[in-house]
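We number each residue from 1, following the sequence as shown.
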Amino acid sequence: MGGSPGSRALVLGGGGIAGIAWELGLLSGLAAAGVDVRDADTVVGTSAGSIVGTLVRTGADLEEAYAAQLGPVPPTERAVDFDGAGFFAAMAEALAGVSSPQEARARIGALALRARTMPESERLAVIGGRIGTPGWPAARLVVTAIDTADGEFLAVDSGSGFDLLQAVAASCAVPGVYPPITIGDRRFMDGGLRSPTNADLAAGHDRVLVVAPMGGFPGSPLGPSLDEEMATLRRDGQAHLVLADEAALAAFGSNPLDPATREPAARAGRAQAERVAAEVAAVWG
């Protein structure tokens with residue numbers, strides 16, 4: 001993607017409803033400590049990170065956004081059953097014998113298209129309840145998604161011709177749980193399948209902060225590992241990674257798609273911000 005000399009990028013990874021809350025707690029806590037990362041030259045958002053990235057870029061007040069995670073769950077947010085063991089078992093079966101990451105993602109796309117989920121219109125209403133219906137911001141925002149038909153990975157921005165709400169909904173379309181999102185004559189799913197962070201999209205910036213509720217799996221057939229992405233970033237400049245700590249992971253529980261995780265995950269992010277603010281400031285400047 002590249003950046004100008006002295007440029008900074010903020011990468012926000014996926015992690016479900018719990019991940020959204022944790023990221024908002026962390027970012028609001030960093031801002032309260034004097035480290036406001038909203039002035040990044042580029043924001044890259046994947047899945048949950050696409051929600052938070054859009055809020056960051058469209059002027060949301062971080063303190064208010066954090067406080068909202070502590071309050072009543074909006075009626076648009078409802079719990080979904082998520083069987084993590086079954087989800088990963090189905091993926092492993094589908095991925096047997098794949099020869100490339102794109103083929104692997106296409107196989108998961110086929111699963112996503114066959115799954116019985118809520119209607120797209122209902123899912124768009126859920127995402128709209130989180131971000132509203134904003135247009136693309138002037139400051140650079142990149143949202144990741146994957147074409148279900150052929151596994152193509154897309155880094156979507158204001159020049160892509162996609163509606164922002166649809167792009168974010170696509171980035172959050174966990175296969176088998178939520179419906180792929182139709183944009184034009186194509187249907188798109190969660191960009192986190194390639195990588196929970198897609199942090200390598202920030203390559204070329206001098207300083208990068210990667211905020212990751214989930215770190216992914218080394219050796220994934222779907223795309224690069226987080227270690228590989230961080231190595232790519234560090235060839236160009238400084239890159240700092242903040243992973244959810246043990247308290248945050250405990251708050252996420254076994255179903256990070258459950259709205260009941262919002263408050264504990266947000267509080268865990270806020271507490272973690274106090275512990276990492278100094279090291280983030282040292283990189284961010």
Side-chain angles (χ1 to χ4, degrees), residues 3 7-57 60 62-63 65-66 69 141-142 144 191-192 195-203 205-218 224-234 236-253 256 261-262 264-285:
S7 62
R8 297 179 293 185
L10 171 65
V11 176
L12 299 165
I17 291 174
I20 294 170
W22 176 78
E23 289 179 4
L24 289 172
L26 185 83
L27 296 185
S28 65
L30 289 175
V35 189
D36 193 339
V37 297
R38 289 175 295 180
D39 58 356
D41 296 282
T42 297
V43 173
V44 177
T46 290
S47 203
S50 71
I51 297 284
V52 178
T54 298
L55 292 174
V56 164
R57 278 309 204 210
L62 287 177
E63 201 64 33
Y66 167 64
Q69 299 299 307
L141 172 66
V142 178
T144 65
S195 154
T197 59
N198 295 298
D200 53 335
L201 292 179
H205 290 79
D206 289 337
R207 286 171 285 173
V208 182
L209 173 63
V210 180
V211 175
M214 299 178 180
F217 303 97
S225 70
L226 183 55
D227 285 345
E228 291 169 333
E229 292 176 329
M230 295 304 295
T232 296
L233 297 176
R234 288 169 177 153
D236 297 314
Q238 298 182 74
H240 184 72
L241 171 65
V242 178
L243 276 168
D245 61 14
E246 289 186 7
L249 294 176
F252 295 176
T261 62
R262 286 164 35 116
R267 292 191 186 281
R270 187 72 174 223
Q272 189 172 351
E274 296 179 10
R275 296 190 291 273
V276 303
E279 59 195 46
V280 172
V283 172
W284 198 253

Q: What closest approach, in Å, do Arg207 and Trp284 show between heavy atoms, and which atom pair accounts for it?
A: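 Closest approach of Arg207 to Trp284, heavy atoms only: NH1-O, 2.6 Å.
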
Q: Can you give me the closest heavy-atom contact between Glu279 and His240, atom names plus distance?
A: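 Reported closest heavy-atom pair: OE2-NE2, 3.3 Å.
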
Q: Quick one: closest heavy-atom pair of Leu30 and Ala277, and the distance?
A: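 Shortest heavy-atom separation between Leu30 and Ala277 comes out as CD2-CA, 3.7 Å.
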
Q: Applying side chain to side chain contact (heavy atoms under 4.5 Å, CB included) to Asp245 and Val276, what does each step give before you reach the verdict?
A: CA-CA 11 Å; Asp245 61 14; Val276 303; over 6 Å; no

Q: Measuring from atom OG1 of Thr46 to atom CD1 of Ile51, what distance do you get when rounded to the nearest 0.5 angstrom?
A: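 It comes to 12.0 Å.
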
Q: Are side-chain heavy atoms of Val11 and Val208 found at a separation under 4.5 Å?
A: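 The answer is yes, as the side chains (C-beta and beyond) meet within the 4.5 Å cut-off.
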
Q: Find the distance between NE2 (His205) and CG (Leu10) and round it off to the nearest 0.5 Å.
A: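 His205 NE2 to Leu10 CG: 10.5 Å, rounded to 0.5 Å.
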
Q: Closest heavy-atom contact between Pro218 and Gly216?
A: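 Closest heavy-atom pair between Pro218 and Gly216: CD-O, 4.0 Å.
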
Q: Of all heavy-atom pairs between Thr197 and Ala212, which one has the smallest distance, and what is that distance?
A: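 The pair with the smallest heavy-atom distance is CG2-CB, 3.7 Å.
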
Q: Working note: Asp39 + Arg8, criterion side chain to side chain contact (heavy atoms under 4.5 Å, CB included); need CA distance, chi angles, decisive distance, verdict.
A: CA-CA 8 Å; Asp39 58 356; Arg8 297 179 293 185; 2.9 Å; yes

Q: Please collect all side chain to side chain donor-acceptor pair (under 3.5 Å) contacts where either partner lies in residues 16-26, sequence neighbours excluded, each pair once.
A: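 For residues 16-26, and leaving out neighbouring residues, the side chain to side chain donor-acceptor pair (under 3.5 Å) pairs sorted by first residue read Trp22-Gln272.
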
Q: Is a side-chain N or O of Arg234 found less than 3.5 angstrom from the main chain of Ala239, in a donor-acceptor match?
A: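 The answer is yes, because a donor-acceptor pair under 3.5 Å joins these two groups.
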
Q: Find the distance between CG (Leu55) and CD1 (Ile20) and round it off to the nearest 0.5 Å.
A: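 Output value for this atom pair is 8.5 Å.
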
Q: When rounded to the nearest 0.5 angstrom, what distance separates CG in Asp41 from CG in Asp206?
A: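 Separation between the atoms: 9.5 Å.
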
Q: When rounded to the nearest 0.5 angstrom, what distance separates OG1 in Thr232 from CG in Leu201?
A: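 Atom-to-atom, Thr232:OG1 and Leu201:CG are 10.5 Å apart.
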
Q: Looking at every non-hydrogen atom in both residues, tell me the closest pair between Gly25 and Ala273 and how far apart they are.
A: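 Scanning both residues, the minimum pair turns out to be O-CB, 4.4 Å.
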
Q: To the closest 0.5 Å, what do you measure between CE (Met230) and CG (Leu241)?
A: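 Rounded to the nearest 0.5 Å, the CE-CG separation comes out at 5.0 Å.
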
Q: I'd like to check the side-chain contact (heavy atoms from CB on, under 4.5 Å) partners of Pro224; sequence neighbours left out, ordered by chain and number.
A: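 With neighbours one apart ignored, the set is Arg194, Asp200, Glu228, Glu229.
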
Q: Considering the options Val211, Leu26, Val43, Leu24, which one meets the side chain to side chain contact (heavy atoms under 4.5 Å, CB included) requirement together with Val52?
A: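 Only one option passes, and that is Leu24.
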
Q: Check side-chain contact (heavy atoms from CB on, under 4.5 Å) between Ala18 and all other residues, then give those that pass, not counting sequence neighbours.
A: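 If we apply the side-chain contact (heavy atoms from CB on, under 4.5 Å) test to Ala18, skipping adjacent residues, the hits are Phe252, Pro256, Thr261, Ala265.
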
Q: Checking the side chain of Asn198 only, and the main-chain atoms of Gly191 only, is there a donor and an acceptor separated by less than 3.5 Å?
A: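 Checked: pair present.
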
